K.L.:
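Okay, here's the structure, questions in a sec.
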Amino acid sequence: MTESKKTLESEGTTARPKEKPYVPIENRPLLGVDEVEALTGVPAKIIRANVRNGLLKACMAGSTTMRIRRADLDAWLDALPAWHA
């Protein structure tokens with residue numbers, strides 16, 4: 001006879017999702033709009049508008065997930081006009 005394979009369900013425990021390693025936001029090469037907002041303090045509405053207008057480059061990861069490269073974010077921030085009082 002063959003021995004049946006034990007599964008987590010048969011042992012009475014539930015399967016836990018695999019945990020992703022934590023990478024600090026300042027070390028991520030790609031950022032979501034919410035992460036760019038948290039990092040820069042610029043509202044997500046303004047970030048999306050700048051992407052739509054072609055002022056900030058973004059790439060699509062999938063059909064709806066917008067990601068912004070760190071280098072493109074840095075270039076956009078450098079190009080923002082300085083405010084002189």
Side-chain angles (χ1 to χ4, degrees):
M1 284 194 352
T2 60
E3 190 174 313
S4 64
K5 293 182 181 178
K6 292 183 180 182
T7 62
L8 292 175
E9 290 79 19
S10 66
E11 293 177 1
T13 60
T14 57
R16 287 185 234 151
K18 193 173 186 178
E19 292 185 27
K20 294 181 182 179
Y22 175 74
V23 178
I25 193 170
E26 60 271 3
N27 295 335
R28 296 180 192 172
L30 291 174
L31 301 169
V33 173
D34 293 337
E35 294 169 329
V36 171
E37 178 182 30
L39 191 61
T40 62
V42 177
K45 182 177 180 179
I46 302 297
I47 294 165
R48 287 189 185 95
N50 277 264
V51 170
R52 268 193 311 275
N53 294 331
L55 300 172
L56 175 59
K57 292 181 184 179
C59 52
M60 298 304 284
S63 62
T64 59
T65 306
M66 184 185 302
R67 294 287 181 245
I68 298 167
R69 290 183 184 99
R70 266 322 265 269
D72 294 333
L73 176 61
D74 292 338
W76 178 70
L77 291 171
D78 290 340
L80 290 176
W83 182 58
H84 300 286

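Heavy atoms only: backbone and side chains are in, while hydrogens, waters and symmetry mates are out. Computed from a predicted model, the values in this text were never measured in an experiment.
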K.L.:
With heavy-atom distances below 4.5 Å as the criterion, would you say the side chains of V51 and V33 are in contact?
P.N.:
no
K.L.:
Sequence neighbours excluded, which residues qualify as side chain to side chain donor-acceptor pair (under 3.5 Å) partners of R69?
P.N.:
none
K.L.:
Please list, chain by chain and in numerical order, all residues satisfying side-chain contact (heavy atoms from CB on, under 4.5 Å) with A75, sequence neighbours excluded.
P.N.:
none
K.L.:
Taking all non-hydrogen atoms of both residues into account, name the closest pair between T40 and L73 and its distance.
P.N.:
CG2-CD1, 4.2 Å
K.L.:
Is the closest side-chain heavy-atom distance between W76 and V42 below 4.5 Å?
P.N.:
yes
K.L.:
Could you state the interatomic distance from CG (D34) to CD1 (I25), rounded to the nearest 0.5 Å?
P.N.:
9.5 Å
K.L.:
Which atoms form the tightest heavy-atom contact between E37 and A44, and what is the distance?
P.N.:
OE2-N, 3.4 Å
K.L.:
Under 4.5 Å between any side-chain heavy atoms of C59 and I68, yes or no?
P.N.:
no
K.L.:
side-chain contact (heavy atoms from CB on, under 4.5 Å) for E35 and R28? Distances and angles first, verdict last.
P.N.:
CA-CA 10 Å; E35 294 169 329; R28 296 180 192 172; 2.3 Å; yes
K.L.:
What do the steps show when you test R67 against L31 for side-chain contact (heavy atoms from CB on, under 4.5 Å), and what is the final call?
P.N.:
CA-CA 5 Å; R67 294 287 181 245; L31 301 169; over 6 Å; no
K.L.:
Side chains of K45 and N50: closer than 4.5 Å at any heavy-atom pair?
P.N.:
no
K.L.:
Could you walk me through whether M60 and T65 pass the side-chain contact (heavy atoms from CB on, under 4.5 Å) check?
P.N.:
CA-CA 6 Å; M60 298 304 284; T65 306; over 6 Å; no
K.L.:
Do L30 and L77 belong to the same hydrophobic cluster, where Ile, Leu, Val, Met, Phe, Trp and Tyr are linked whenever their side-chain heavy atoms lie under 4.5 Å apart, directly or via other members?
P.N.:
no
K.L.:
Once you round to the nearest 0.5 Å, how far does CZ of R70 lie from CG of N27?
P.N.:
8.0 Å
